[in-house]
Amino acid sequence: MSHILLIVGGGIAAYKACELIRLLRKAGHSVRCVLTEGGSHFVTPMTLAALSENQVFTTLWDLKDEAEMGHIQLSREADLVVVAPATADLMARMANGHADDLATTLLLATDTPVLVAPAMNVRMWLHPATQRNVAQLRADGVEVMAPDEGAMACGEFGPGRLPEPPAILAAIEAKLTPAHRPLAGRHVLVTAGPTHEPIDPVRYIANRSSGRQGFAVAGALAALGARVTLVAGPVTLPTPPGVTRVNVETARDMAQAVTDALPADAAVMVAAVADWRVEAAE
Ligand SMILES: Cc1cc2nc3c(=O)[nH]c(=O)nc-3n(C[C@H](O)[C@H](O)[C@H](O)COP(=O)(O)O)c2cc1C
């Protein structure tokens, strides 16, 4: 699991930050949000807090926040700082080293890698000032994603749309240092839980496997960066973040699901597969 500090700027695409938080959480990352003054006109701190399940920071001038989690600590605690959406104004202030709000102050104070996903009107994006700022940010070591091209909220067409949240997630995962995700690029197959072998539509042969061990193994592997397929017998456990779950009932279903999930780099087979099945279930 990595810690992402997400700065949400004041653009119409701020609503897409909500989807990005959901994807990051699903992929097993923790998210802490900073909402700019502009951003708060588009999404509320409450929405970001509910989705991230974390406190949202909105101002530099909060005595309580500064005492408990100062802006320097906020930026240094993260594995990656992501600015999405990054407005033209926010990028201009970043490129020129301003520190006039919480977002720019912690961006100036951080030595953590920074990924920027811009979103703005096509003319704003193509303006020489913005292009200068983007070039400066890139020269300073900031990764600035290319915006998407297409129809915009303002009715114009061209480059400037926020890259879609799954693309931002992919850029984030690529940027996280391998030290945090030593299994990145690996596919691991995990089986968990019991199987149920029907006798008739009501009765079945089963065992008392809880599935907990396999689910814990799958979650830990996903947190280390692996792509995990979890083939689960009939249990009601929640799917660990970032894990693809395939539900099965019988041993034959499980064998088929395992075969379908191949190839895999490794497999952890902790399911309690039933030893018996009736010759012909009614
Ligand atoms: C309705 C509306 C939509 C806006 N959308 C954008 C946008 O998509 N991109 C952008 O760079 N600025 C946009 N702006 C301008 C920014 O909100 C403004 O520059 C603000 O100061 C940015 O502050 P922040 O980047 O600190 O959040 C918009 C303004 C309004 C009123």
Side-chain angles (χ1 to χ4, degrees), residues 4-21 31-49 51-52 54-62 65-66 71-72 74-75 78 80-110 112 114-138 140 142-165 167-168 171:
I4 309 296
L5 182 65
L6 175 64
I7 297 173
V8 179
I12 202 85
Y15 75 95
K16 289 190 180 174
C18 302
E19 174 67 358
L20 178 61
I21 296 168
V31 184
R32 211 190 276 278
C33 294
V34 169
L35 184 62
T36 67
E37 157 72 19
S40 67
H41 290 279
F42 295 90
V43 289
T44 67
M46 184 63 80
T47 308
L48 303 183
L51 288 169
S52 65
N54 244 327
Q55 185 187 350
V56 173
F57 296 82
T58 54
T59 175
L60 195 52
W61 307 112
D62 188 310
D65 286 353
E66 235 358 75
H71 59 276
I72 306 280
L74 192 57
S75 66
L80 183 66
V81 180
V82 177
V83 189
T87 60
D89 181 64
L90 190 45
M91 289 198 299
R93 286 182 290 138
M94 284 172 74
N96 288 287
H98 289 211
D100 53 6
D101 66 359
L102 178 60
T104 50
T105 302
L106 67 85
L107 281 160
L108 200 60
T110 194
T112 304
V114 179
L115 174 74
V116 167
M120 66 201 69
N121 166 273
V122 56
R123 299 275 155 237
M124 288 171 90
W125 172 252
L126 293 174
H127 195 285
T130 303
Q131 290 303 310
R132 260 196 322 272
N133 292 331
V134 169
Q136 184 61 58
L137 287 171
R138 288 183 174 146
D140 291 345
V142 172
E143 181 172 339
V144 182
M145 293 181 74
D148 275 0
E149 199 167 317
M152 321 204 105
C154 54
E156 292 189 55
F157 188 93
R161 283 165 56 111
L162 183 75
E164 288 302 323
I168 302 176

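Both ligands and their constituent atoms are indexed starting at 1 by order of listing.
In this structure, atom 16 (C) of ligand 1 has protein heavy atoms in its sub-4.0 angstrom surroundings. Distances from atom 3 (C) of ligand 1 to the protein include at least one heavy-atom value under 4.0 Å.
The part of Thr36 lying near ligand 1 is the side chain, judged by heavy-atom distances below 4.0 Å.
Of the listed residues (Gly11, Gly160, Gly10), the one carrying the non-hydrogen atom nearest atom 14 (N) of ligand 1 is Gly10.
A donor atom on one side chain and an acceptor atom on the other are found under 3.5 Å apart for Asp101 and Thr104.
The nearest heavy-atom contact from the protein to atom 19 (O) of ligand 1 is Asp89 CB, 3.6 Å. When only non-hydrogen protein atoms are considered, atom 26 (O) of ligand 1 lies nearest to Arg93 NH2, 2.7 Å. Of the protein's non-hydrogen atoms, the one nearest atom 30 (C) of ligand 1 is Phe42 CZ, 3.9 Å. Nearest protein heavy-atom contact of atom 25 (O) of ligand 1 is Thr87 OG1, 2.4 Å. Among all protein heavy atoms, the one lying closest to atom 11 (O) of ligand 1 is Ala88 N, 2.8 Å.
Atoms of ligand 1 lying under 4.0 Å from any heavy atom of Gly38, numbered from 1 in the order shown and given with element: 27 (O). Residue-ligand proximity, Leu90 to ligand 1, at heavy-atom distances under 4.0 Å covers atoms 25 (O). Ligand 1 places these atoms under 4.0 Å from at least one heavy atom of Ile12: 5 (N), 8 (O). Within ligand 1, the atoms closer than 4.0 Å to a non-hydrogen atom of Ala119 are 7 (C), 8 (O), 9 (N), 10 (C), 11 (O), numbered from 1 in the order shown. Against a heavy-atom cut-off of under 4.0 Å, Gly39 is close to the following atoms of ligand 1: 27 (O). Applying the 4.0 Å criterion to heavy atoms of Gly9 picks out, from ligand 1, the atoms 27 (O).
Every N/O-N/O distance between Met124 and ligand 1 stays at or above 3.5 Å. Between Ala86 and ligand 1, a contact under 3.5 Å exists for no N or O pair. Every N/O-N/O distance between Ala13 and ligand 1 stays at or above 3.5 Å.
Summarising the geometry, atom CD1 belonging to Ile7 is positioned 9.0 Å from atom OG1 belonging to Thr36; distances are rounded to the nearest 0.5 Å. For the atom pair CG (Leu80) and CD1 (Ile4), the distance works out to 5.0 Å, reported to the nearest 0.5 Å. Going from atom CZ of Phe57 over to atom CG of Leu48 covers 12.5 Å, rounded to the nearest 0.5 Å. Atom CE in Met94 sits 10.0 Å away from atom OG1 in Thr87 (nearest 0.5 Å). Atoms CD1 and CG, from Ile168 and Leu115 in turn, are 8.0 Å apart once rounded to the nearest 0.5 Å.
The main-chain N or O of Leu107 is never found under 3.5 Å from a side-chain atom of Thr110 such that the two would form a donor-acceptor pair. Using modelled atom types, no side-chain atom of Ser40 and backbone atom of Leu35 make a donor-acceptor pair closer than 3.5 Å. With Gln55 contributing its side chain and Ala49 its backbone, the two residues share no donor-acceptor pair below 3.5 Å.
Atom CZ of Arg123 has 12 or fewer heavy atoms from other residues, nucleotides or ligands within 6.0 Å.
The salt bridge (charged side-chain N to carboxylate O under 4.0 Å, His left out) test applied to Glu164 returns Lys16, Arg161, not counting sequence neighbours.
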